[in-house]
Structure formats: structure tokens, C-alpha cells
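Every chain is numbered from 1 and lettered A, B, ... according to where its sequence line falls, protein lines coming before strand lines.
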Amino acid sequence: MKETHNYTLYHPKWYRERVSTYWWARQWSYFRFILRELSSIFVAYFVVLILFLLHALSQGPESYAAIQEWLRTPFAITLNFISLLFTLFHTITWFNLTPRAMPVRIGGKRLPDWMIAAPNYVAWVVISAIVAWFVIGG
Amino acid sequence: MDISSHDVLLVGGGGAGLRAAIAVSETNPKLKVAVVSKVYPMRSHTVSAEGGAAAVIKSNDSLDEHAYDTVSGGDWMSDQDAVEAFVKEAPEEMLRLEHWGCPWSREPDGHIAVRPFGGMKKERTWFAADKTGFHMLHTLFQTSLKYNAITRYDEFFVTKLLVDGGRVQGVVAIELMSGKIHAILAKAVILCTGGCGRVFPFTTNANIKNGDGMALAYRAGVPLKDMEFVQYHPTGLPFTGILITEAARSEGGYLLNKDGYRYLQDYNLGTPQPKPVLRSMELGPRDRLSQAFVKEMEKGRTIDTPYGPVVHLDIRHLGEKIINTKLPFVRELCLKYQNIDPIKEMIPVRPVVHYMMGGVHTDLNAATALTGLYAAGEVACVSINGANRLGSNSLTELLVFGARAGKAAAAFASETAEPGSHVVAQAMDEQRRLERQFLSKTDGRESIATIREEMQATIEKGAGIYRTGDLLAQAAQNLRRLQERFQNVAITDHSYTFNTELTAVLELAFMLDVAETIVQSALQRSESRGAHQRTDFPKRDDEKYLAHSLIYRNEDGSSRLEYLPVTITRWPPAERVYGK
Amino acid sequence: MIDTITLEVARYRPEQETEPTFERFEVPFNKDWVVLDALNYIKDRLDGSLSYRWSCRMGVCGSCGMMVNGEPKLTCATFLSKYVPGPIRVEPLRYFPVVRDLAVEMTDFMDKLKSVKPWIIRQEERPLSEGEYLQTPVQLDNYKQFSMCINCMICYAACPVYGLDHHFIGPAALALAQRYNMDSRDQGTDERLDLLSQHEGIWGCTFVGECTKACPKNVDPAGAIQQYKLKAATEWFKSFLMPWGRK
Amino acid sequence: MGKRSNEPLVWSLFSSGGVIAAFMIPILLFLFGLAFPLGWIEAPGYEQIMTLVRHPLTRLVLFGLCSLPLFHWAHRFRFTLYDGLQIKHLNELITVFCYGGAVVGTLLAGYILWNIP
Ligand SMILES: Cc1cc2nc3c(=O)[nH]c(=O)nc-3n(C[C@H](O)[C@H](O)[C@H](O)COP(=O)(O)OP(=O)(O)OC[C@H]3O[C@@H](n4cnc5c(N)ncnc54)[C@H](O)[C@@H]3O)c2cc1C
Ligand code: SF4
Ligand code: F3S
Ligand code: FES
């Protein structure tokens, strides 16, 4: 019993726990959530990268060559590798959440989640192929 | 002490209480209504009701048939004027709930769907899958939020009715959160505190069903009616007492003994058919089914388990689809609590205390013998259920008589004077009693749990499915001894904040009173009728006992019984025939 | 097979303590027991002053939610055997103020339930004499899932957004709003939408999704909220493009 | 908080950005960030890329690809700051930083794409 404690009759003090600043580190599912949210930073990074590339393109072949040079540095490779992992994580979590946000009903029955998520993955493969075809071969 | 004042006060926020509160507000929106409940309203035990609620809505059905089923199901102990009013108002009340949003199960064309139920000759039980009570309670609760005239006192435990000048004028209640004691005054009080299954050791009833309202009324000098009639439901899960709804049988489930034999055919309940037949076999009334179980047990044809003998409820032949759409909760409960899948395995079941036919004696408008005091729901006995309630009549009863109580109390409150100041002094006395007897008591020796368990064992032994004069007399004696020991009960928790030991001890006191009324009423009824089976008087005796028992509390704490003739209007007593 | 199992139960007695402590109790181990049975054993035989809420013991009244080994659970539906050999840590539901021992304060939650107008809103009531509203099983199925909520508040204890900001209306209340919106008998969607498209309403939810994972009744509040967002966004564009379309 | 907020707008931008990012970013990042620099696949030449980028349709897609994912970032990052760091009291600052950043990025993208010869 603490000496300093005072109780007012009929007005018990409620105990409120402050949520720790590191709440997201305490539980695996929360940590996963934070990782998902942080993937947005890498999305933004990607946009910045694209903007640099485009800017270099508009400046002529030398600038474009320079930026390609930079892209070959180990730092850039590492950064892009990590970014790729995060954006993949974004893609997967995003697809898997669509059935939650957009349930589809056919004949009064709710389609199982995977049936709604699956077309996303198919479309993803197709779109990726098209993009690659344009960039590489187009 | 806090004092507040309202026009109409409800004790209890279950189905009956909420329906009554809304009825008061609709009758006279100016009236200030208070709902006092020891748990948040949506925790009330109405939430557990599974199977459904009966009301005539289909064209092949009629009010007379519903009335007849009810009267014969109750072994002619029901007051027939009450039954007629009940069946007549039932459809309208159920429709009202539909309009408030209750998710009733539907037919493909969008009309209300109905299912058969035990003891009913026609399919007339409305259902919301197998969570009917849950949906009804939440619909009522959510709808009640709309009415600004309704003030709620959530988690307030009522300890006493304030009576002065021959009328009730409010209650004393403990606010659990703070321990503060309140005098909540009102011109009219409606008791809706539900049943008292916890008096027994093995029950489907929740922890909060301790007969509080019955004891409150009894202590205030109001008679309790037909307390000897306690319903055993034939199919509870062993150990937990969790109910497997009658709907499991009405959808076509079989009851099988140790040898896989549909034993009900041996007990005058018809011949087995593959499909369910109304008022026959598994769809017989609950009293007869529970009694058949005991007979099977005596013949050694039940299955022994660590939690007592059981029989099997077999629904496997219904198939996965029906089970998942019509009985999903049954499956959920079996998987979760019994670790079996009823699609593949048989469900072990045994009779379990379920419902109280008796209760606070009221008239057709839910008025009790005490001016200003009304009662509705399981706590009350208007007497539609007689000696045995038919499944699915109770939920409807909450609505019909909840609404009637609300209207009557509203009318009464509109032309009645404010509560006087005398009752405040009474409330102070009650506060001092609570302090002295419980909160500041440090010298007790008896454990709450022990007294409670002994009480439960006593009443089970004396007033179980089959009773005898000797065992009842012994039980009465035991209960008196327990009452004495209770004076010496030990209280370890002296805190004002959320003191659940205090509520447990108050509930135990209520239960001891209620147990006594059950045993005394049963002792005096020397006949067998419905749920009251005396092996020493195995016959029904209409000559002497076509009458309700009314039990009163004497000044010295002892009880006395009176009898009131049953009201017969159109259906003279006859033999109860099932399976034909 | 073990004979006993240890429970570490959070105690908070505001008359004596400023913050919770843990107390250890040893209870008999029985494979048929749920955590609530163990608590009842403690209350009946070891320490009568332990305070917590419970009622139905069949997972439908919603009173017995607590943290069991760090996860929000209905204690009447959580078996001891899952945690063998123990110890089992039992705490009050997270993110709510603690009143005493295992009981939390819930008026905030109750106010939130009311704030979403969880009742049928009609421009015109249908007279009882006209019978029931027709509602096909398919229409029923549209909202049925969201009507299964037992108000156990477990989803609140799972949702960090609620933990961080108590103004957030939270999963169960939003699922309840959606339950009425999707009901073919209801006409109050617009009214509720105005209320809930504010920041504290649906937009606070960042789709952590833990509410749905923790919900013992498969209500899927996370889904309800996202569907609501989609609806609110569509309505927003509609009212932007056709300002005359809304009242 | 009586008035209707702008949340539906930013949320819609966030969602569409999320969709685009999910579908397009991994492949592009793989090609430009790893496959080309590491020589797994032969990188297209300057002129080849320019031909592609000059096409108005490509510019439109690129504009969307830059702008919307920035709003996706802005929205998520805003909430991550609120919740992860518990600094909701800096609400205004965060909002300006995040959505402001996205708007600036969008303008920049427009400018660059417009000026590609
Ligand atoms: C498992 C189960 C299944 C059932 N299934 C069906 C069915 O399918 N069909 C059917 O028709 N019937 C069924 N019944 C019966 C029916 O559900 C009950 O009879 C009915 O719900 C009782 O409702 P009530 O409003 O009278 O009381 P309850 O719902 O029990 O409410 C009692 C209220 O009183 C309050 N209260 C009690 N004591 C105090 C006090 N001292 N101070 C303050 N407040 C107090 C409580 O807080 C609570 O709010 C079933 C019952 C059980 C147990
Ligand atoms: S949504 Fe689920 S977890 Fe949340 S209160 Fe309702 S039943 Fe409990
Ligand atoms: S956990 Fe919380 S953030 Fe949203 S999806 Fe569920 S309410
Ligand atoms: S006690 Fe009712 S839900 Fe657990």
C-alpha cells in the first residue's frame, strides 16, 4: 500500500495505462502492421526515383547515363532491393485486404476471400508482363 | 445517499424490462422512465434464449389452437383468460419487433419463417436462426436508445422495495462502480428481474438469475404464485448445463438411449417416425421428456459420464446444410464446449433446470397485490404457463406482458402523487442495514460458496424432477438451517468499488428465500401435475388442486400458503394426450 | 497430465493501490474448464474479493472479456488446456480504464454504441396492420454478420487506434452502424453517414485488421468499416458532382 | 465537428494510389533498380526509352504513377506519425508536410513530364 495514495469515498480512481510509444513492437501482428504502413515510404522513394530518371532523360543521354551509373552502386542496389521487398509486401497485403473491403456476393452467398483476392494476383501478373514488354521490347 | 425521482421505474433490463420501458414512453412520452439493472441491459439473460418465440401468423394456424396447446401443455393450470389475451396480442407484438429491426429468419419470398416446437400442434415459432433471444434483446435495447425519456441505471443492484402507505414508492440500489447507495423513487415500479435457475446446481440459467425480484416482492409482503413448478429442459450439455435448443429436435433430432433406441416411444409419447411429428415423440412437452429421462436412468439405459448420466441427441441425419443454416449456434456450442461436431457425432444431453413457471402473482395487467407494483417476464406469474411452459412461449410473454405492464404502470403513474418523504427514511435504514450486515462485517465464519452449494444440493434432492413428501420436508428443514448459518456468513471484501462479493452474498440471501418458497409450495401440493411430480401422489387431483398456490411471508420469516382457483373459460380440464 | 495450473491475475484495488499488481493463484487443472471456471474457483475458495464480470458462461452475453496471456478473449470460451503448463496471465481488457481488478469502465463504449443511431430509421412507419416488411433471405444475409455482435469490446482491446485515441468510435459501433445501413428496412444511411464520415468516425481506422481477427463472433468490423469508407467516398463524390442530389 | 471533412477525398486518392502502387511498382522497381543495373536483363537504350516516354499515353500513365502513390504515401505516413509516434497534437504540421509533399511532387511530375522534349 502506498502512503501517498488517497481514495475519495464513492469516487474511485480508475487506472489508465498509457499506451507505450513502442506499442507496435510488443506484438507481432502490430509490428507487421507498422511494416505495412512503412512500405509507403518506399513507395514514395520509388516515385522520387522515377522523377529523377525522367528528369535525367529530359536532360539528355549524359545525365541518363550518370544516373544509371549511380544505380549500379552497391548502395543503390541495396536500397532498391529493400524497397522491392517492401513494395512487394505492400502489394500482397493490399490484395489480401480487398475481400474485406469489397465483399462479392453471388446468388446470395458471399464468395470466399481467396476467390476475390485471386483475380488481383492474375491481373498483377498480366500487368507486370505488359509493363515489362513495353519497357524492354516495346 | 443519492436520491432521485422518476415516474415509472423498471427493475431489470432484460426483454421484459426493455419492452415495458418502451411501452411507458409510447403511452405517455412525458413520463420519466428509469431502467435499473444489475448488469448492462444487453447482458441480461434473455440474450441466451435460442429456439424462438411463438405467435400465430400463418393462415393454417389459429389463435384457438395456440391457446389450446398452451393450456394443455400447462396441464390445465394456466388461467385461460390470460392465455387468450396472450395469444391474441402475441402476433402484433412480434410484428412490432420486426418493425424495430429484429432479424427474423425468412422464407424465400421474404415472409417470416416459422418452425415447429415442442408441444405445439402447428408450426408457429418465429426464430432468428438459433439466437432468437439474443437478437430480440439487442433489437429492444438498441431501439430503447431512441427514447430520451428513458434513463438507465446500469450496474445498479436493487436490494429493497420502498413501501409506504400501502403502495410501492421506489427502490434502494447499490451503484456497483462506486459503492454508493441510492434511493431511486418512483410512482410505479415494474419488476422484470427474470428467473431463479441458480437456486439449483445444474441449470441453463446465467449467473445473474437468482430470483432477486421474487425475493424483493416476497419480502415486501407480495405473494408468489405456483412456485412449485420448475421446468427441467430435457437437453442440456453435461457439466456446463449449456442448453441445446429444442429447435434441434423440432428440426428432426432424435433422443436415443444407451442402445441407440428412441426411448420416448415407451412413455406414451407416440410412435417413432423418421420425420418430426408435431406434439409427438421428441416434440412432446418438456416435463414429459425430462421425466422419461429419469425413468430410463432408473432402468439403467442411460450412459454414464463423469458429469452424470446422459442420453444422446442425434442430429447427424439432418445433414451439414440444415445444421449450418438452422442450428449454427448448436454446432458452435458443441464444438466449443463439448469438443464434438454434431454433424458427425451424437450430442450427450441430460435434463437441466431451465425455467420458473411460478413467480410474483399478477393480474392480467401485470399488477401485483401491492399498489403501484407490477411484474412481467419470468419473474412474474400471470399464469399463462401453468404447470409446464411450452418452449417459445416465454419470449413472447416478455413482449406481451412487458407491454401490458408498461401501459398499466404509465396509466397509474399519470394519476398518482409523487412519492412521499417517509420512504427516504426507510432507504436510510436500508443503507445502515447493508453497512452493518455486510460491508463492515468482519466476524463471519461460513463461506458463501459452501452455503450456496449446500442450498443447491438440498433443493435438487428435495424438489428435483420427482419429489416426495419426505424429501421435501427434509429439504425444508435443511433450508432453515442454512438460513441460520447464513447469519454467520464471512465477508472478506470490504471495498466500496465494484464489490462482487457483496452482490454474491445479497444474491445468496435472495436465493435462500426463493428456495424456501419452492420447497414449501411443493410440499403442500399433494398431486402430480406438469412439472410437479410427486411419487407419493402420482395422480392429478383437479378436485383439490385445480388452484394456484400463493405463498406469503409472515412477519417472523416463516411462510403461509393460500390457494386461488384456476380461471377456466373455454377448455375444461382433460387428459393431456401426446403422440396421437 | 498436470494437476494444477497457476494463474497470474491482475489486481487493482483503488482504495489501497495506485496501480495494478499481479497475484498468483494455483487452481486445480481440469480439461473441461475454461479460464472463467478457474476465476470462479478462486473467488469461491481462495479469495472472495476478486472482482470481474460474467453471466451466461456460454459466449453470448459479452461480459467476460479479458486479456489472457496478452490477447483479448472471452474467458468463458477459452479453455485452460490451451495454456498448459501455464502460468496463465489474466488482465482486464486493454485500452479501457480499470475500475477494480478485472473490471473495466465501459460507459465510453456505451455512448459510442448509441451515437451511431442503432435503430431502424424510417421516413414513414409502416402500420402494424400491413404486416411484416418483406425481407428475402438474401437481403437478410447482407447485414446478418454485422448483427451478431455481442458487445464484448474485445475488438476495442485489439485495436491500437482506439488505444491511442479514445475519440475513435471504434470497430463494434461502426459495424453496428453498418448493420442498420445494410438492412433493407432502414432508411437512415444518409443520417448516419453524416455522423460517421467525420474524422473520429470511420476515417480514424487505418485498417489494422486486428479487430476482425480477435472478434469471437466473426462479425468482421474491419470489413464493415472499409465498406463504409468506400460508401462514404462515393457519396462524397456524388454530392460534389451533383450538389443538388442530396438534401 | 459538424462539417463534413475532406477525408473522403484524401482517402480516395490514398486508395487509388495504393492500387497503382500494388500493380505497377514492383515490376518497375525490379527492372530499373535491380535487373538493368545488375545486367540480368539488357537495359534499353536512351533513345528507346525516349520513344516510349514521348508517347502522350505513357506520359499520362507516368503522371498517375507519380502522383497517386505520393498521396498514398502521404495518407499512410500521416497516420503512421499519429499512431506510431503518438504525435497527433502536431496534426496541422503533419498534414501540411504529408499532403503538401504529395502536391509538390505532383506538380513536379507534371512539370518534368511536360518538359520532356
Ligand atoms: C438458455 C435459455 C434458452 C431459452 N430459450 C428460450 C426460447 O427459445 N424461447 C422462449 O420463449 N424462451 C426461452 N428461454 C426463456 C426466456 O429466455 C426467459 O424466460 C426470458 O428471457 C426472461 O426474460 P426477463 O426479461 O424476464 O429476464 P432477464 O432477461 O433474465 O433479465 C433480468 C434483468 O433483471 C435484472 N436484475 C435482476 N436482479 C436484479 C437486481 N437485484 N437489481 C437490479 N437488476 C436486477 C438483470 O440485470 C436483468 O437485466 C430460454 C432461457 C434460457 C436460460
Ligand atoms: S465486433 Fe466482435 S469483438 Fe467487437 S464487440 Fe462485437 S462481438 Fe465483440
Ligand atoms: S483494429 Fe482498428 S484500425 Fe480499424 S480495422 Fe480494426 S478498427
Ligand atoms: S460469460 Fe457471457 S460471454 Fe462469457
Side-chain angles (χ1 to χ4, degrees), chain B residues 39-40 42-45 47-48 57 92 95-96 98-101 103-112 129 131 134-135 138 142-143 145-146 154 177 204 206-208 239-243 306-307 329 332-333 336-337 447-449 452 490-501 504, chain C residues 13-16 32 34 40 43-45 47-63 77 79 99-101 103 105-107 110 113-114 117-120 122 125-126 128 131-137 139-140 143-144 147-151 176 179-180 183-186:
Chain B
V39 294
Y40 279 91
M42 68 278 182
R43 315 289 190 221
S44 303
H45 199 56
V47 83
S48 310
I57 185 170
E92 192 183 303
L95 273 179
R96 189 163 280 131
E98 194 275 335
H99 286 205
W100 286 338
W104 296 118
S105 293
R106 305 283 178 152
E107 289 175 7
D109 66 0
H111 283 97
I112 298 288
K131 283 202 174 169
F134 163 81
H135 285 299
H138 281 250
Q142 287 156 11
T143 304
L145 295 174
K146 200 163 67 169
D154 294 334
M177 189 70 82
T204 59
N207 183 40
I208 56 169
F239 178 55
T240 57
I242 289 174
L243 180 79
Y307 303 110
F329 194 44
E332 183 187 326
L333 289 170
K336 210 168 247 150
Y337 293 100
S447 122
I448 299 175
R452 186 172 55 220
I491 311 231
T492 54
D493 191 350
H494 302 284
S495 161
Y496 281 90
T497 316
F498 217 89
N499 187 334
T500 49
E501 193 176 40
Chain C
R13 286 150 291 211
E15 277 137 277
Q16 297 156 26
D32 294 324
V34 290
N40 286 340
K43 187 162 184 71
D44 283 349
R45 335 244 155 218
D47 185 348
S49 71
L50 182 67
S51 275
Y52 50 93
R53 294 186 179 97
W54 71 288
S55 180
C56 69
R57 208 212 169 273
M58 56 191 281
V60 67
C61 76
S63 20
F79 283 85
V99 175
R100 161 95 193 262
D101 295 346
E105 208 285 326
M106 53 184 282
T107 49
M110 296 301 286
L113 278 189
K114 179 170 178 178
K117 304 199 173 183
W119 50 78
I120 296 276
R122 300 276 308 172
E125 298 275 344
R126 182 188 172 96
L128 287 181
E132 72 260 52
Y133 292 105
L134 294 187
Q135 184 169 67
T136 62
Q139 287 173 321
L140 174 66
Y143 69 89
K144 183 91 195 189
S147 75
M148 302 304 274
C149 171
I150 60 172
N151 299 345
L176 186 61
R179 173 246 176 275
Y180 280 96
D183 191 322
S184 56
R185 294 167 287 190
D186 179 80

Side-chain ion pair, C:Asp44 and B:Arg452, N-O less than 4.0 Å: yes
Got a salt bridge between B:Glu98 and B:Arg106, using NZ or NE/NH1/NH2 to carboxylate O under 4.0 Å? yes
How long is the span from the [atom1] atom in [X] to the [atom2] atom in [Y], to the nearest 0.5 Å?
| X | Y | atom1 | atom2 | value |
| --- | --- | --- | --- | --- |
| C:Met58 | B:Leu243 | CE | CG | 6.5 Å |
| C:Ser63 | C:Trp54 | OG | CH2 | 9.5 Å |
| C:Gln135 | C:Leu140 | CD | CG | 5.5 Å |
| B:Thr240 | B:Leu333 | OG1 | CG | 8.5 Å |
| B:His111 | C:Thr136 | NE2 | OG1 | 12.0 Å |

Please identify, among [options], the residue contributing the most non-hydrogen atom pairs under 4.5 Å to chain C.
| options | result |
| --- | --- |
| B:His45, B:Lys131, B:His135 | B:His135 |
| B:Ser48, B:Ser44, B:Gly110 | B:Gly110 |
| B:Asp154, B:Ile112, B:Asn207 | B:Asn207 |
| B:Trp100, B:Trp104, B:Phe329, B:Phe134 | B:Phe134 |

Interchain contact, [X] with chain B, by part (heavy-atom threshold 4.5 Å):
| X | answer |
| --- | --- |
| C:Met110 | side chain |
| C:Tyr52 | backbone |
| C:Leu128 | both |
| C:Ile150 | both |
| C:Thr107 | both |
| C:Lys144 | side chain |
| C:Asp183 | side chain |
| C:Ala103 | side chain |
| C:Arg45 | side chain |

Quick one: which of [options] has the most heavy-atom pairs under 4.5 Å with chain B, could you say?
| options | result |
| --- | --- |
| C:Cys56, C:Ala77, C:Gly59, C:Ser51 | C:Ser51 |
| C:Lys43, C:Glu125, C:Glu105, C:Arg179 | C:Lys43 |
| C:Ser55, C:Gly62, C:Ser49, C:Ser184 | C:Ser55 |
| C:Lys117, C:Met106, C:Gln139, C:Arg122 | C:Met106 |

So, applying side chain to side chain donor-acceptor pair (under 3.5 Å) with C:Arg185, which one of C:Tyr133, C:Tyr180, C:Tyr143 is it? C:Tyr143
Looking just at side-chain N and O atoms, do C:Asp32 and B:Tyr337 make a donor-acceptor pair shorter than 3.5 Å? no
Quick one: side chain to side chain donor-acceptor pair (under 3.5 Å) partners of B:Glu107, sequence neighbours excluded? B:Lys58
Check each atom of [X] against the heavy atoms of chain C and say whether the ones under 4.5 Å are side chain, backbone, both or neither.
| X | answer |
| --- | --- |
| B:Ile208 | both |
| B:Ile242 | side chain |
| B:Phe239 | side chain |
| B:Ile491 | neither |
| B:Ala490 | neither |

If you apply the rule salt bridge (Lys or Arg N to Asp or Glu O under 4.0 Å), what do you find for C:Glu132 with B:Arg96, and how did you get there? CA-CA 9 Å; C:Glu132 72 260 52; B:Arg96 189 163 280 131; over 6 Å; no
Of all the heavy-atom pairs spanning B:Asp493 and B:Asn499, show the shortest one and how long it is. O-ND2, 3.1 Å
Taking all non-hydrogen atoms of both residues, which atom of B:Asp109 and which atom of C:Leu134 are closest, and how far apart? O-CD1, 4.1 Å
